[in-house]
*Asks:* 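Have a look at this one.
Naming convention: chains lettered A, B, ... in sequence-line order (proteins, then strands); numbering from 1 in each chain.
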Amino acid sequence: MTPERLNLEKQVLQKEMPMVQCVFKDMSTSEPYVLMPVKTNIGKVYTIRIDLKGFPNQLPHAFVTKMLQTKSGRSMNDASAAMHTLPTEHGYTRICHYGSSSWTPMVSLFKVYIKCALWLNMYELHLKTGKDMDYYLSHQS
Amino acid sequence: MAKGLNEIGEDVRIQGGQGTGSGTGTMSELVFNPTTGEFETVAQGSTQGDGMIVTDMTSEGFAL
């Protein structure tokens with residue numbers, strides 16, 4: 001990511017969600033990432049990790065920094081259309097947000113954050129209702 | 001009055017084009033509150049304050 005794009009991303013994040021403390025890590029390495037807290041509507045706090053390798057030209061991988069489990073107790077560590085997840089990396093649950101066909105370099109980290117935060121809220125709802133995530137979150141066409 | 005997560009979930013479902021559910025229907029918007037970091041759904045045209053409408057991010061769907 002160019003310094004100009006990084007500054008732009010930081011400006012957008014600061015403007016759109018000033019209360020959320022985003023921490024950019026290892027930005028001078030080949031494996032940069034950003035950590036962003038999410039508080040769901042029921043008050044539970046998670047941390048989102050977005051890997052920035054290749055961003056913005058490549059779709060960034062996004063994770064919850066733990067291995068989540070479904071209501072039935074199954075680890076969310078694999079690709080699941082019903083739960084909108086992809087195979088785990090770092091030992092974390094990987095969120096399926098944008099598809100590669102819908103990704104463009106114009107998509108901001110803020111948008112990825114919003115989709116991940118919404119995903120987490122629907123995950124909480126899944127834990128409550130038992131309904132799969134794709135009951136709430138539609139699939140990209 | 002703030003909506004519960006169940007109601008928001010049904011609104012998100014409807015905004016994504018998935019049935020009619022029991023939410024408030026297609027005349028609602030999903031709003032991200034930058035102060036609380038929470039999502040809200042409000043009737044279209046009724047947004048006030050500094051909340052950002054993010055309905056489009058829902059309606060475009062998720063991968064897989």
*Asks:* Any chain of hydrophobic side-chain contacts (each under 4.5 Å) joining B:Val54 to B:Leu5?
*Replies:*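 Yes; B:Leu5 is reachable from B:Val54 via cluster members.
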*Asks:* Name the option with the most non-hydrogen atom pairs under 4.5 Å to chain B; the candidates are A:Met83, A:Glu124, A:Lys128.
*Replies:*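 Highest number of pairs under 4.5 Å: A:Lys128.
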*Asks:* So which residues of residues 31-39 of chain A are in contact with chain B at a heavy-atom cut-off of under 4.5 Å?
*Replies:*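 So far as heavy atoms go, A:Lys39 are the residues that approach chain B to under 4.5 Å.
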*Asks:* Can you measure from CD1 (A:Ile95) to CE (A:Met133) and round to the nearest 0.5 angstrom?
*Replies:*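 Reported value, rounded in 0.5 Å steps: 7.5 Å.
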*Asks:* Quick one: do A:Leu118 and B:Leu30 satisfy side-chain contact (heavy atoms from CB on, under 4.5 Å)? Show the steps, please.
*Replies:* CA-CA 10 Å; A:Leu118 184 61; B:Leu30 183 68; 4.0 Å; yes
*Asks:* Strictly less than 4.5 Å between heavy atoms, which residues of residues 14-24 of chain A line up against chain B? Please order them by number.
*Replies:*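 When heavy atoms of chain B are the reference, residues 14-24 of chain A contributes A:Glu16, A:Met17, A:Pro18, A:Met19 within the under-4.5 Å range.
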*Asks:* Given 3.5 Å as the limit, does a donor-acceptor pair link the side chain of A:Gln140 with the main chain of A:Gly99, or not?
*Replies:*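 Confirmed, A:Gln140 side chain pairs with A:Gly99 backbone.
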*Asks:* Quick one: which residues of residues 40-47 of chain A reach chain B at under 4.5 angstrom, heavy atoms only?
*Replies:*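 Counting heavy atoms that sit under 4.5 Å from chain B, the residues of residues 40-47 of chain A involved are A:Thr40, A:Asn41, A:Ile42.
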*Asks:* What verdict does the side-chain contact (heavy atoms from CB on, under 4.5 Å) test give for B:Thr55 and B:Thr41, after you've listed the backbone C-alpha separation in whole Å, the side-chain angles of each residue and the deciding distance to 0.1 Å?
*Replies:* CA-CA 9 Å; B:Thr55 310; B:Thr41 53; over 6 Å; no
*Asks:* Under 30°, 30 to 60°, or over 60°: which ring-plane class applies to A:Tyr113 and B:Phe32, parallel, tilted or perpendicular?
*Replies:*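 A:Tyr113 and B:Phe32: perpendicular rings.
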*Asks:* For chain B, find its close neighbours in residues 61-78 of chain A: heavy-atom separation under 4.5 Å, sorted by number, or none.
*Replies:*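 Residues qualifying by a heavy atom under 4.5 Å from chain B are absent, so none.
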*Asks:* Could you walk me through whether A:Phe55 and A:Val107 satisfy the side-chain contact (heavy atoms from CB on, under 4.5 Å) test, starting with their C-alpha distance in whole Å, then the side-chain angles of each, then the deciding distance to 0.1 Å, before giving a yes or no?
*Replies:* CA-CA 10 Å; A:Phe55 180 86; A:Val107 179; over 6 Å; no
*Asks:* Looking only at heavy atoms, which two atoms of A:Ile50 and A:Val112 are closest? And how far apart?
*Replies:*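 For A:Ile50 versus A:Val112, the nearest heavy atoms are CD1-CG1, 3.7 Å.
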*Asks:* Considering all heavy atoms of both residues, which atom of A:Thr85 and which atom of A:Cys96 are nearest to each other, and what is their separation?
*Replies:*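 Answer, listing the atom of A:Thr85 first, then A:Cys96: N-CB, 4.0 Å.
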*Asks:* Counting only non-hydrogen atoms closer than 4.5 Å, does B:Val12 touch chain A with its backbone (N, CA, C, O), its side chain (CB onward), both, or neither?
*Replies:*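 The answer is both parts of B:Val12.
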*Asks:* How far does OG of A:Ser138 sit from CD1 of B:Ile14, to the nearest 0.5 angstrom?
*Replies:*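 Interatomic distance, A:Ser138 OG to B:Ile14 CD1, rounded to 0.5 Å: 12.5 Å.
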*Asks:* Before you tell me yes or no, could you show the steps for B:Phe39 and B:Asp11 under side-chain contact (heavy atoms from CB on, under 4.5 Å), namely the whole-Å CA-CA distance, both residues' side-chain angles and the distance that decides it to 0.1 Å?
*Replies:* CA-CA 11 Å; B:Phe39 291 96; B:Asp11 281 343; over 6 Å; no
*Asks:* Locate the shortest heavy-atom distance separating A:Leu52 from A:Leu109; write the atom from each residue and the value.
*Replies:*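 Between these two residues, the closest heavy atoms are CD2-CD2, 3.7 Å.
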*Asks:* Assigning hydrophobic clusters by single linkage (Ile, Leu, Val, Met, Phe, Trp, Tyr; side-chain heavy-atom cutoff under 4.5 Å), is A:Leu137 placed with A:Trp103?
*Replies:*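 Yes, it is one cluster - the side chains of A:Leu137 and A:Trp103 are joined through contacts under 4.5 Å.
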*Asks:* What closest approach, in Å, do A:Pro105 and A:Asn57 show between heavy atoms, and which atom pair accounts for it?
*Replies:*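 That would be CG-OD1, 3.8 Å.
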*Asks:* State the CE-CE distance between A:Met27 and A:Met1, to the nearest 0.5 angstrom.
*Replies:*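 Taking CE in A:Met27 and CE in A:Met1, the distance rounds to 4.0 Å.
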*Asks:* Is it true that A:Arg5 and A:Glu9 have a side-chain N and a carboxylate O under 4.0 angstrom from each other?
*Replies:*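 Judged by the 4.0 Å cut-off on N to carboxylate O distance, A:Arg5 and A:Glu9 do form a salt bridge.
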*Asks:* A:His97 and A:His84: ring-ring contact (aromatic ring centres under 6.0 Å, His included), yes or no, with the steps?
*Replies:* CA-CA 8 Å; A:His97 49 96; A:His84 287 294; over 10 Å; no
